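Note that the numbering runs from 1 along the sequence shown for the chain. One-based numbering, in listed order, for ligands and for the atoms of each. Worth knowing before you read on, the calculation uses all heavy atoms, side chains too, and leaves out hydrogens, waters and symmetry mates. The shown structure was predicted, so the numbers you read here are calculated from the model rather than taken from an experiment.
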Amino acid sequence: MVQKASPKLTEMMNQAIAGELQAIVQYMWHHIMVKGLNSASLMDVFEDIAIEEMKHAEKIAERLFYFDVAPTTKPNPIAKGGTPEQMLKADVQAEEEAITLYKDIIKQAVAEKDETTRLLFEQILSDEERHHDTFTTLLGR
Ligand SMILES: [Fe+2]
Ligand SMILES: [Fe+2]
């Protein structure tokens, strides 16, 4: 039987799902609750990115399920509302955590010669870098 993935790698992938679930809820709630300056354009940005995070969660969960590991249903702690600036700061932090974790997952997948998981997380990482860029630009950094 082929060893499909180490417990270390699948644990990291479940951490990734917990972060994606956090991002889905956090960004969708920011979409609902944002008010004030530029809020119309921010509403759309939060919604569009929340939907992309849902697609990430689905793809990672499918990969974990292929490894016969149950995907977690528990999100990381969700940063609630506040001012648009507070929302964007919390969202930048969520993206930074994802970028750090996904780089580690790519390294681990390479070490295990798991090309499919490496490719999956390279594709998702490029989305997270774009999200990070969008949120930092909106913050005026
Ligand atoms: Fe994501
Ligand atoms: Fe993201």
Quiz question: by atom type and distance under 3.5 Å, do the side chains of His132 and Glu129 form a donor-acceptor pair? no
What one should report as the nearest heavy-atom pair of Ala16 and Ile105 is CB-CD1, 4.0 Å
Restricting to N, O or S atoms of His56, which is nearest to the Fe ion (ligand 1)? ND1
Does any N, O or S atom in Glu53 come within less than 2.8 Å of the Fe ion (ligand 2)? yes
The Fe ion (ligand 2) and Glu128: any N/O/S contact shorter than 2.8 Å? yes
Greater than 12 external heavy atoms within 6.0 Å of Glu85's CD: no
Can you give me the closest heavy-atom contact between Pro84 and Lys35, atom names plus distance? CG-O, 3.5 Å
Apply salt bridge (Lys or Arg N to Asp or Glu O under 4.0 Å) to residues Glu115 and Arg118 and explain how you reach the verdict. CA-CA 5 Å; Glu115 299 301 324; Arg118 174 188 60 76; 2.8 Å; yes
Atom of His131 closest to the Fe ion (ligand 2), considering N, O or S atoms: ND1
Aromatic plane relationship, Phe135 with Phe46 - under 30° parallel, 30 to 60° tilted, over 60° perpendicular: tilted
Can you tell me if, anywhere in Glu95, an N/O/S atom lies at a distance from the Fe ion (ligand 2) that is smaller than 2.8 Å? yes
Hey, is the Fe ion (ligand 1) within less than 2.8 Å of some N/O/S atom on Glu20? yes
Assess His132: does it contribute an N, O or S atom lying under 2.8 Å from the Fe ion (ligand 2)? no
